[in-house]
Amino acid sequence: MVLEATMICIDNSEWMRNGDYSPSRFQAQSDAVNLICGAKTQSNPENTVGVLTMGGKGVRVLVTPTSDLGKILACMHGLEVGGEANLTAAIQVAQLALKHRQNKKQQQRIIVFVGSPIKYDKKMLEAIGRKLKKNSVALDIVDFGESDDGKPEKLEALITAVNNNDSSHIVHVPPGPNAVSDVLISTPIFTGDGEGGSSFAAAAAAAAAGGMSGFDFGVDPNVDPELALALRVSMEEERARQEAAAKKAAEEAAAKKAAEEAAKQEKGEEASSSRDDAMAEADQGSSLSADDKKHQLTDDEAALLEQALAMSVDNTKSGSGAIADSDMSDVTGNDQDLAFALQMSVQDATQSDMSKVLEDQSFVSSILNSLPGVDPNDPSVKDLLASLQQKKEENKPEDEGDK
């Protein structure tokens, strides 16, 4: 296996916005760069790869030669596209970076992606090529994107000047449905001077950035255990964050639902309390009405009872003293004083008779039984009789005092 230190020059000029390569020139170039970086690091664990850009505000080194594939791939994200590509300055900076490589046993190689027109003439490019050949630096060129300035001829002249024992290569990738990476996978730029052959290509295909088949996160833990561990930890942290967010959202939804149910229950209790109050008021009103009715019924029964007792007294009097009444009427016709005295005596007799009637419980019970709808055992009737008896007893001393 070849031990190499490689610098890759990326064209990020304004021309990379064109869509003649799917999805764009810049994206097609990025896929090919990722593929080559994976292939170089997989072919030999001691190989190193660095990346720089040629467009924008000037040549800029993104990462110096390193064997850390994750670091190499990370530098490709977020690149700005604009300006013009400075091919000659990029090659010189790449040569300087390779000169300061840590392992001097590594062979030096520069891979240049050219997707924009070249403003330099052949003589300048040939001079740069001779300088690379003198310093034992191999050069590979990937030419893509059509141009009317004779770009293919200029690049061929550059390769001819730098080539030493067929160590340098150039590949022209025409526009079309085929991706740049698909075209490169069968070229010497990808397979590497025929050493390693198909095994090298297979390893590179497995290590293609964006997904290595058979390895988690596209990284072989045997080659770069630190990167594989970092990616795994990052994935676990993201998964934990998503689970925590989902749990928090579920708790908030449950709390909101519980609050809504509590509010509904509170409203239901208020409505039930209102109904209970209304029913209590209605029951109180009905009970009051029943009490009023009871009092009214008691008063009616008392009136009927007094009327019945009075009638019974009248009947008794009419049966025993009718003649005396007629006789007294004749006597009182001539003497007013005598008539008044007789009337007072009759009232006293009536009260005396009434008292005697009330004292005769059997007689009162028989009268009450004869009345329709009257129950002698009714508590209200018994209370009425007791009240009448009490009034009699209260009036008795007064009557005696008057006499």
Side-chain angles (χ1 to χ4, degrees), residues 2 4-16 18 21 25-26 28-29 32-33 36-37 40 49-56 58-62 65 83-99 101 106-175 180-181 183-184 186-194:
V2 179
E4 286 185 333
T6 306
M7 283 296 298
I8 300 178
C9 302
I10 299 175
D11 188 349
N12 62 328
S13 65
E14 195 69 29
W15 295 85
M16 294 300 100
N18 291 357
Y21 294 85
R25 287 189 183 182
F26 184 77
Q29 175 187 217
V33 171
I36 291 175
C37 290
K40 293 295 184 181
V49 179
V51 181
L52 61 81
T53 57
M54 300 187 295
V59 178
R60 182 166 65 98
V61 177
L62 300 180
E84 295 182 356
N86 192 339
L87 178 61
T88 57
I91 292 175
Q92 291 174 2
V93 172
Q95 180 185 357
L96 183 62
L98 292 174
K99 183 178 180 179
R101 65 192 184 279
Q106 293 174 325
Q107 296 183 11
Q108 305 173 77
R109 181 175 295 275
I110 299 175
I111 301 177
V112 181
F113 284 81
V114 183
S116 58
I118 299 176
K119 60 181 180 180
Y120 305 102
D121 56 15
K122 290 184 180 180
K123 290 183 180 181
M124 182 176 290
L125 295 177
E126 289 174 352
I128 292 175
R130 287 192 295 269
K131 185 178 180 180
L132 292 177
K133 183 177 181 179
K134 181 180 179 181
N135 291 282
S136 300
V137 178
L139 178 65
D140 292 333
I141 298 177
V142 180
D143 176 25
F144 65 104
E146 296 180 354
S147 178
D148 297 334
D149 60 349
K151 182 177 66 172
E153 291 78 6
K154 294 179 180 181
L155 295 177
E156 289 286 351
L158 176 58
I159 287 294
T160 301
V162 73
N163 194 12
N164 183 19
N165 296 326
D166 199 21
S167 60
S168 300
H169 313 88
I170 183 171
V171 176
H172 301 282
V173 182
V180 177
S181 57
V183 176
L184 292 179
S186 58
T187 63
I189 295 178
F190 189 78
T191 57
D193 292 337

Task: Straight-line distance of S136 OG to L98 CG, nearest 0.5 Å - done: 12.0 Å
Open item on the list: Please report the interatomic distance CD1(I8) to CZ(R109), rounded to the nearest 0.5 Å.
Closed with: 11.5 Å
Task: D11 vs M16 side-chain heavy atoms within contact, under 4.5 Å - done: yes
Open item on the list: Using every non-hydrogen atom in the two residues, find where P175 and Y21 come nearest and quote the distance to one decimal.
Closed with: N-OH, 3.3 Å
Open item on the list: Looking at every non-hydrogen atom in both residues, tell me the closest pair between S13 and A85 and how far apart they are.
Closed with: CB-N, 3.7 Å
TODO: Provide the closest heavy-atom pair for I118 versus K154 in the form atom of the first, atom of the second, distance.
DONE: O-NZ, 3.0 Å
- [ ] Kindly write out the residues that satisfy salt bridge (Lys or Arg N to Asp or Glu O under 4.0 Å) with K151, not counting sequence neighbours, or none if the list is empty.
- [x] D143
- [ ] Please answer whether the main-chain N or O of N164 pairs with a side-chain N or O of K133 as donor and acceptor at a distance below 3.5 Å.
- [x] no
TODO: Hey, could you give me the CD1/CD distance between I159 and E126, rounded to the nearest 0.5 Å?
DONE: 12.0 Å
Task: Salt-bridge criterion met for K40 and E4 (N-O under 4.0 Å) - done: yes
Task: Minimum side-chain heavy-atom gap V112-M54 below 4.5 Å - done: yes
TODO: Please tell me if the side chains of I91 and V137 come closer than 4.5 Å, counting only heavy atoms from C-beta onward.
DONE: no
- [ ] Please tell me if the side chains of F144 and Q29 come closer than 4.5 Å, counting only heavy atoms from C-beta onward.
- [x] yes
Task: Donor + acceptor pair across side chains of S167, N165 (<3.5 Å) - done: no
TODO: Check step by step if side-chain contact (heavy atoms from CB on, under 4.5 Å) holds for K131 and N135.
DONE: CA-CA 6 Å; K131 185 178 180 180; N135 291 282; 3.9 Å; yes
Task: Side-chain touch F113/N12, heavy atoms, less than 4.5 angstrom - done: no
Task: side chain to side chain donor-acceptor pair (under 3.5 Å) involving E14 - partner list, sequence neighbours excluded - done: R17
Open item on the list: Measuring only between side-chain heavy atoms, which start at C-beta, is M7 closer than 4.5 Å to R101?
Closed with: no
- [ ] State, with a plain yes or no, whether a side-chain heavy atom of L125 is found less than 4.5 Å away from one of L87.
- [x] yes
- [ ] With rounding to the nearest 0.5 Å, note down the distance linking OG1 in T6 to CD in Q108.
- [x] 10.0 Å
Task: Interatomic distance, I36 atom CD1 to I111 atom CD1 [nearest 0.5 angstrom] - done: 4.5 Å
Task: Which atom of I110 lies closest to which atom of C9, heavy atoms considered - done: CG2-SG, 4.0 Å
Open item on the list: If I take atom OG1 from residue T88 and atom CD1 from residue I128, how far apart are they, to the nearest 0.5 angstrom?
Closed with: 4.5 Å
Task: Minimal non-hydrogen separation, V59 against A90, with atom names - done: CG2-N, 3.7 Å
- [ ] Indicate yes or no for a side-chain donor-acceptor contact from D121 to the backbone of M124 under 3.5 Å, with no hydrogens or angles considered.
- [x] yes
